[in-house]
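Heads up, the thing below is written out as structure tokens.
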2 protein chains.
Amino acid sequence: MKQLEIFKALSNKTRLEILQWLKDPEASFPEQAHVSGFEIGVCVGEIQRKAGLTQSTVSEYLSILQRAGLVTSTRVGQWTYYKRNDIAFDELSKIIQSDI
Amino acid sequence: MKQLEIFKALSNKTRLEILQWLKDPEASFPEQAHVSGFEIGVCVGEIQRKAGLTQSTVSEYLSILQRAGLVTSTRVGQWTYYKRNDIAFDELSKIIQSDI
DNA sequence: TGATAATATCGGTTATTCCCGATATACCAA
DNA sequence: TTGGTATATCGGGAATAACCGATATTATCA
């Protein structure tokens, strides 16, 4: 049951906020030093700073969002960039109309 | 934060199933003896039988769904009928596109 | 090679959720 | 009134999630 995993991922205040930030990274994060723009996503450190939780917690939250398919990740050097997966939200929106 | 309450309500296997049943009651439940059709919803007892959990658990689950706005309830005599709130799902579908 | 930085994973405490049985409340019928 | 049926609420044990600090992993750079 995939949608259960998605809703569990969404049922946490911080994880919802992270997704909202990733929806508009330009407005939510300072320019990243090691890469130009937010095309590949936002690195864990920036998200952690903004969330105000420990590194381990934020890292775990991001992997929960990824397992649910709500974000994708790209490793570049020592950084991992997380990006909102727009397609997943389109699909979820449809599931809510047709399945539930 | 209303959407958090909604996603928490949706992050349980049985509650998701109940919503799916209420989406198409004719297909999911036997004819109710005390009322004609499913216009006002499905009574707790029918939902409980189908869920296979105790009465108290199902009653609590239904009130969680109701507090989240996902179902409405109507009391008629000694029965309470629960019905899917279509509008809430339309709104949720939009929230997923625009907010998160 | 070794030092440092970014991220992931592991082990554990505390808070929350799941789900139950027991009991309370509301309604109806005799 | 008394008894029976439908639902709601309360108290609690067990399972899961939240969140942390410590440590492991991976990459960079001198």
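Order of the sequence lines sets the chain letters (A, B, ...), proteins ahead of strands, with each chain counted from 1.
Residue pairs meeting the salt bridge (charged side-chain N to carboxylate O under 4.0 Å, His left out) criterion with at least one member in residues 42-69 of chain B, sequence neighbours excluded, are B/Glu46-B/Arg49.
Not a single salt bridge (charged side-chain N to carboxylate O under 4.0 Å, His left out) links B/Asp90 to another residue, sequence neighbours left out. Every side-chain hydrogen bond (donor to acceptor under 3.5 Å, both in side chains) that B/Thr57 has, sequence neighbours left out, goes to B/Thr54.
As a whole-Å value, the separation of A/Leu65 CG from C/dT7 C1' is 16 Å. The separation between B/Ile18 atom CD1 and C/dC19 atom P is 10 Å, rounded to whole Å. The distance between atom CD of B/Gln48 and atom C1' of C/dC20, rounded to the nearest whole Å, is 12 Å. Atoms CG (A/Leu62) and P (C/dT7) sit 10 Å apart, rounded to a whole Å. Separating the CD1 atom of B/Ile40 from the C1' atom of D/dT7 is a distance of 15 Å, rounded to the nearest angstrom. Distance A/His34 NE2 to C/dA5 P: 14 Å, rounded to the nearest Å. Rounded to whole angstrom, the span from the NZ atom of B/Lys13 across to the C1' atom of C/dC19 amounts to 15 Å.
A sub-4.0 Å separation between OP1 or OP2 of D/dA8 and a side-chain N or O of B/Thr80 is present.
Taken to the nearest 0.5 Å, the CD atom of A/Gln3 stands 12.5 Å off from the NZ atom of A/Lys8. Going from atom CG of B/Leu19 over to atom CZ of B/Phe89 covers 4.5 Å, rounded to the nearest 0.5 Å.
B/Tyr81 comes within 4.0 angstrom of nothing in the nucleic acid, heavy atoms only.
Hydrophobic cluster membership of A/Trp79, counting Ile, Leu, Val, Met, Phe, Trp and Tyr whose side-chain heavy atoms lie under 4.5 Å apart directly or via other members: A/Val35, A/Ile40, A/Val76, A/Tyr81.
Within the 4.5 Å cutoff, the side chain of B/Asp24 has no heavy atoms near those of the B/Phe29 side chain.
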- Item | nucleotides 18-23 of chain D: protein proximity per nucleotide (B base, S sugar-phosphate only, - neither; heavy atom, under 4.0 Å) | SBBBB-
- Mark up nucleotides 24-30 of chain C, 5' to 3', with B wherever a protein heavy atom is under 4.0 angstrom from a base atom, S wherever such an atom reaches only the sugar-phosphate, and - elsewhere. ---BS--
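A/Thr80 and A/Ser73 are not linked by any side-chain donor-acceptor pair at a separation below 3.5 angstrom, with hydrogens and angles left out of the test.
No donor-acceptor pair under 3.5 Å is formed between the side chain of A/Thr72 and the backbone N or O of A/Asn85.
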